[in-house]
Amino acid sequence: MTNYQIRLTNEQERESLVLVKMDAPPETVRTPSPCYTVMYGQNNQEAYRVITVSSDEAHTDKLVIPDKPWSQSPGLKGVTTPLLAMPVPGRESVDGKSEHYLICYNTTKKELTYRTIATLHKDPYTISLMVDDRSVSAYWNSMANIKYPVASMPVPRRHNVEGKSEHYVYHYDEQGKLYYSTISISRDATHADRLVVERRPVADWWKASLTGIGQLAEIFPVPGQQDVDGKSQYYVFHRLNATKKLMYRKIAITCDPQHTDTLVTEDRPVADYWSNSLKGVE
């Protein structure tokens, strides 16, 4: 089996790892230790926790709220296989909360759904349901040809530009080949979405930074390293194809129109380097 390619099984359809940055927009606000809600599910274990990662060079991670079942959160009740979260433009850090679109895979209906959730920035970090589940195919024109999304990344310097924010969305096709598409979401009340760039194979366009990844699980910005010296850095989490061991690497994307990617840090086991905050997350 080659790099970037997996065959999705029923077990993989139930695997989840989603990090929701709750207390700051992706590029415009730097906080000392931004908080994240971590949702994960595997081997019949479905839980969420709250962690912080410092914005200094140490990037110290800390567990803030230990695991709770999805069913205990008003915003997560009834979810099946959450896949990725994207901030709702204009609804980040409003009245002490941030709103996100949470895109999930419904294992019963075998379709993508999404809901809008809002996360409180302080204890008890309540996740509320703002808009109940809807079909992605009915409401997201930009994802019409996306079968199984697994991660998204804010495009550097394309946050709230001309009233829109752009994201790379990484997704697998039916054969398990990894692609990415570029989409935009408007900041006004309609939050209209649009496909900016058609899907492209990750193997062809992200050779410098994503060569050798297994099953992609999540991507999120490195705190304090957004638009620094003309680059933005991201953590990339993935599972090794053979063992399912959760790994991470650090990559960088230039903020110019070329958006050139580079590998900053080679793969490391999450269990060894995120033991303070992600212990037990598989």
Side-chain angles (χ1 to χ4, degrees), residues 1-8 12-13 15-21 26-27 81-87 89 100-105 112 114 136-137 140-159 161 164-185 193-222 226 231-239 241 247-264 267:
M1 190 171 293
T2 58
N3 293 334
Y4 308 102
Q5 190 159 328
I6 62 169
R7 179 75 64 175
L8 291 175
Q12 288 164 340
E13 287 179 349
E15 292 176 345
S16 296
L17 178 61
V18 179
L19 280 81
V20 180
K21 188 177 183 182
E27 294 190 54
T81 317
L83 297 175
L84 62 90
M86 289 186 291
H100 288 79
Y101 298 119
L102 180 62
I103 298 176
C104 306
Y105 182 76
L112 295 175
Y114 82 99
V136 168
S137 62
W140 288 78
N141 295 326
S142 62
M143 296 192 187
N145 295 318
I146 292 179
K147 303 300 181 183
Y148 197 86
V150 290
S152 66
M153 176 196 295
V155 180
R157 286 190 189 165
R158 298 301 297 171
H159 177 74
V161 175
K164 300 185 293 289
S165 292
E166 294 185 5
H167 298 265
Y168 297 126
V169 178
Y170 300 83
H171 52 100
Y172 288 99
D173 67 6
E174 296 93 333
Q175 288 72 44
K177 186 175 181 179
L178 185 58
Y179 291 87
Y180 81 101
S181 303
T182 307
I183 72 169
S184 67
I185 306 172
D193 66 304
R194 185 174 71 88
L195 180 63
V196 179
V197 179
E198 295 274 358
R199 76 173 192 175
R200 294 172 171 177
V202 167
D204 295 341
W205 292 84
W206 294 79
K207 292 180 180 179
S209 63
L210 296 183
T211 293
I213 64 168
Q215 182 183 352
L216 182 60
E218 178 61 299
I219 300 174
F220 77 96
V222 177
Q226 300 306 294
K231 297 179 181 179
S232 290
Q233 294 187 11
Y234 301 87
Y235 293 119
V236 178
F237 291 82
H238 65 101
R239 296 184 176 92
N241 286 329
M247 310 290 288
Y248 85 100
R249 62 178 61 178
K250 191 188 297 182
I251 70 173
I253 315 294
T254 60
C255 297
D256 57 21
Q258 287 72 39
H259 293 132
T260 305
D261 63 308
T262 56
L263 180 65
V264 178
D267 284 346

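Quantities reported herein were computed from a predicted structural model and do not represent experimental measurements.
- Residue Lys231 places its NZ atom among 12 or fewer non-hydrogen atoms of other residues, nucleotides or ligands, all under 6.0 Å distant.
- Heavy-atom minimum distance, Leu84 versus Val18: N-CG2, 3.8 Å.
- Using modelled atom types, one side-chain atom of Ser16 and one backbone atom of Pro82 make a donor-acceptor pair closer than 3.5 Å.
- Looking at every heavy atom in both residues, Pro149 comes nearest to Leu83 through O-CD1, 3.2 Å.
- Checked against ring-ring contact (aromatic ring centres under 6.0 Å, His included), Tyr170 has the following partners two or more places apart in sequence or in another chain: Trp206.
- Rounded to the nearest 0.5 angstrom, Tyr180 OH and Ile219 CD1 are separated by 12.0 Å.
- Side-chain atoms of Met86 and Ile183, non-hydrogen and from C-beta on, do get closer than 4.5 Å to each other.
- Under the rule for a side chain to side chain contact (heavy atoms under 4.5 Å, CB included), the partners of Val196 that lie at least two apart in sequence or sit in another chain are Glu166, Thr182, Ser184, Arg194.
- Rounding to the nearest 0.5 Å places CD1 of Ile253 at 13.5 Å from CZ of Arg157.
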Open item on the list: Checking His238 against Asp267 for the side chain to side chain contact (heavy atoms under 4.5 Å, CB included) test, could you report, in this order, the C-alpha distance in whole Å, the side-chain angles of both residues, the deciding distance, and whether it holds?
Closed with: CA-CA 9 Å; His238 65 101; Asp267 284 346; 3.1 Å; yes

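- You'll find the side chain of Tyr148 reaches within 4.5 Å of the side chain of Thr81, heavy atoms only.
- Within 6.0 Å of atom CG in Asp256, more than 12 heavy atoms from other residues, nucleotides or ligands are found, so the atom counts as buried in its surroundings.
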- [ ] Could you check Ile213 against Leu178 for side chain to side chain contact (heavy atoms under 4.5 Å, CB included), going step by step and ending with a plain yes or no?
- [x] CA-CA 10 Å; Ile213 64 168; Leu178 185 58; 3.8 Å; yes

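- Within the 4.5 Å cutoff, no side-chain heavy atoms of Val236 are placed close to those of Met153.
- Remark: Glu198 CD is loosely packed, at most 12 non-hydrogen atoms of other residues, nucleotides or ligands lying under 6.0 Å away.
- For Phe220, the ring-ring contact (aromatic ring centres under 6.0 Å, His included) test picks out Tyr36, Tyr235, Phe237, with sequence neighbours left out.
- Here the side chains of Pro154 and His159 are not in contact, with every heavy-atom distance at 4.5 Å or above.
- Between Ser181 and the choices His167, Arg200, His171, the side chain to side chain contact (heavy atoms under 4.5 Å, CB included) rule is met once, by His171.
- Side-chain atoms of Asp261 come within 3.5 Å of backbone atoms of Ser209 as a donor-acceptor pair (strictly under, hydrogens ignored).
- Side-chain contact between Asn141 and Leu195: absent, with no pair of heavy atoms (C-beta onward) separated by less than 4.5 Å.
- Residues Tyr179 and Pro201 share a closest heavy-atom pair of CD2-N, 3.6 Å.
- By the 4.5 Å heavy-atom criterion applied to side chains, Trp140 and Ile185 are counted as neighbours.
- In this structure, Gln226 contributes its side chain and Pro221 its backbone to no donor-acceptor pair below 3.5 Å.
- When side chains are defined from C-beta on, Leu112 does not count as touching Met143, because their heavy atoms never get closer than 4.5 Å.
- Inter-residue side-chain proximity for His259 and Pro156 is flagged as met; some heavy-atom pair is nearer than 4.5 Å.
- Closest heavy-atom contact between Lys147 and Tyr172: CB-O, 3.6 Å.
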